[in-house]
Amino acid sequence: MLLIRNLKLGLSTALCALVLAACGGGGDDAPATPAAPAVPVVFPVAEAPAKLSAWNAVRSDGSTMSLNAAVVPYDLSSALFTDYALKMRAVYVPAGKQITYTTTGTLDFPVGTAIYKTFYYPKATGTDPKLIPVGKSTTHPQGSTIDLTKHRLIETRIIVREASGKWTGTTYVWDADQKDASLNISGKYVEMELISATGAPEPFTYVVPNQQTCQKCHATETGGGGEVLPIGPKVRNMNKDYDYGGGVKANQITHLNDLKLLAGFTGLAGAPSNVDWTDASKPIGDRAKAYLDVNCAHCHNGKGNASQSGLKLTHEDIGSAATSLWGVCKKPLAYSNTAPGYRYDVNPGSPQTSILLFRLNTTLTGDIMPVVGRQTIHTEATSMLADWIRQLTSAPSSLVACPP
């Protein structure tokens, strides 16, 4: 298995170095130090090295962050909101192995797969030297590199499918010089400052999650307490074009197939796709469905961490005839802090009395949703969702407002 081969390669390299040293190696006539492996090294998370660079997948010289050529970048049609962080997503599939194509749930990645997600921000001019000044942007760049003269790296998360078939994950926080990142399993608070095109700077605390926190969201089918799974890489989220650079722009699913990394793919005909929720040319219902699916459904499904709430916000549930499943005229079952005037999760025609919008539009402890990964309000999204709730009483939904 590649996982074991990579580990053995690291041990063999270290052993050779010791032998050379013992025999007086290292002089002018000594053999050159073996080059680093060309492909990423995939570690069991329990044996994760101290530095991100040891994985040989995400690299930086302080001026540019780049991906190993064997790593495939990707993004999502609608992305999870994390305090306006930009994200570079990428996946490594071991040579000779393939992803099994499925339109139901997450793509079925083989053992030895590693998925990397780097969180970063555009630089801006701040007013407080104690804060990291970051620009407020919703545009996620594509490609395999990040220009660090214009951006600041915060963290890189890695999730690995280990030999047991289970997924495990860990996190690295980027060092101050931006040349490497250090293993961090206990989490970290980073003081920051958001700067929009207009308005005053907005200080906030960026939270790097610990491993237990990650499980709350990634245990999508085990009530938040069991086996974890990747959340984003589903066909409906990846069925879109990506600019890989070098003149290569292609649909992400067909690109994986062209790279011989996809098994069982028979074409895009009938393949599901989520819209980009920021695309105002798309129907408001499709935009709301895409946003809630990627930001909420990993917990709000029949098996997730919020399954006991009875509120289901998956792509399949939102807009279905079973309106109470996605909150219409549904009183909350697991929330007791309702502000005055808020009685139903979704009150058609009345965003100002819908609990779903209230909880997305606050940062108060006990009220905020999602409870992980957000310390700021996603104002553009809450505005769109308010418009969606407001028009639910009109065609084609034509739902009736709930009793007062």
Side-chain angles (χ1 to χ4, degrees), residues 52 58-67 73-90 116-157 171-182 184 187-209 232 242-243 245 276-280 291 294-295 360-364 368 370 372-385:
L52 177 64
V58 179
R59 299 172 291 198
S60 173
D61 61 6
S63 297
T64 303
M65 196 211 82
S66 60
L67 299 175
Y74 70 93
D75 69 4
L76 310 180
S77 53
S78 285
L80 178 72
F81 176 73
T82 310
D83 291 327
Y84 290 98
L86 304 178
K87 300 171 187 178
M88 175 183 276
R89 299 170 176 81
Y116 318 90
K117 184 161 64 171
T118 297
F119 296 69
Y120 66 107
Y121 287 92
K123 291 181 178 179
T125 301
T127 57
D128 187 336
K130 295 179 293 183
L131 302 175
I132 299 173
V134 295
K136 191 173 183 179
S137 174
T138 57
T139 301
H140 293 253
Q142 297 182 335
S144 298
T145 62
I146 298 173
D147 182 354
L148 300 185
T149 66
K150 299 179 180 179
H151 300 92
R152 182 181 180 88
L153 306 173
I154 304 299
E155 60 168 319
T156 294
R157 302 177 192 175
T171 300
Y172 288 81
V173 175
W174 282 87
D175 301 337
D177 63 7
Q178 301 280 277
K179 292 183 178 180
D180 210 338
S182 300
N184 187 308
K188 185 175 182 178
Y189 298 106
V190 183
E191 297 305 316
M192 292 189 176
E193 181 178 79
L194 284 174
I195 300 176
S196 61
T198 59
E202 179 184 348
F204 76 103
T205 301
Y206 181 97
V207 180
V208 177
Y242 189 91
D243 187 350
D276 177 353
W277 74 266
T278 67
D279 186 351
Y291 186 85
V294 77
N295 281 277
L360 287 170
N361 207 29
T362 183
T363 57
L364 295 175
I368 188 172
V372 174
R374 185 172 75 82
Q375 303 297 317
T376 60
I377 295 172
H378 197 181
T379 55
E380 299 82 1
T382 56
S383 176
M384 180 273 296
L385 291 170

Residues which pass side-chain hydrogen bond (donor to acceptor under 3.5 Å, both in side chains) with [X], listed by chain and number, not counting sequence neighbours:
X	result
Ser77	none
Asn184	none
Glu155	Arg157, Tyr206
Lys87	Thr82

Side-chain heavy atoms of [X] within contact of [Y], under 4.5 Å:
X	Y	answer
Met88	Met65	yes
Tyr120	Leu148	no
Val58	Leu67	yes
Phe81	Glu380	no

For the [atom1] atom of [X] and the [atom2] atom of [Y], what is their distance to the nearest 0.5 Å?
X	Y	atom1	atom2	result
Asn295	Leu385	CG	CG	9.0 Å
Thr64	Lys150	OG1	NZ	11.0 Å
Leu153	His151	CG	NE2	9.5 Å

Looking only at atom types and distance, does a side-chain atom of [X] sit under 3.5 Å from a main-chain N or O of [Y], one as donor and one as acceptor?
X	Y	value
Ser78	Trp277	yes
Ser60	Gln178	yes
Asp175	Asp177	no

Q) For the residue pair His378 and Tyr291, does the interplanar ring angle fall in the parallel (under 30°), tilted (30 to 60°) or perpendicular (over 60°) class? A)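 Plane angle between 30° and 60°, so tilted.
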
(Q) Holding to side chain to side chain contact (heavy atoms under 4.5 Å, CB included), I want the full list of residues that pass it with Gln142, two or more places apart in sequence or in another chain. (A)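 Once residues adjacent in sequence are excluded, the partners of Gln142 under the side chain to side chain contact (heavy atoms under 4.5 Å, CB included) criterion are Asp75, Lys240, Tyr242, Asp243.
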
(Q) Just to verify, what does Asn361 make a side chain to side chain contact (heavy atoms under 4.5 Å, CB included) with, not counting sequence neighbours? (A)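 Testing Asn361 for side chain to side chain contact (heavy atoms under 4.5 Å, CB included), a comparison that skips the adjacent residues, returns Ile377, Thr382.
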
(Q) Taking salt bridge (Lys or Arg N to Asp or Glu O under 4.0 Å) as the definition, give me every residue that meets it alongside Asp147, ordered by chain and number, with sequence neighbours left out. (A)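 Here no residue qualifies.
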
Q) Quick one: ring-ring contact (aromatic ring centres under 6.0 Å, His included) partners of Phe119, sequence neighbours excluded? A)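 Residues passing ring-ring contact (aromatic ring centres under 6.0 Å, His included) with Phe119: none at all.
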
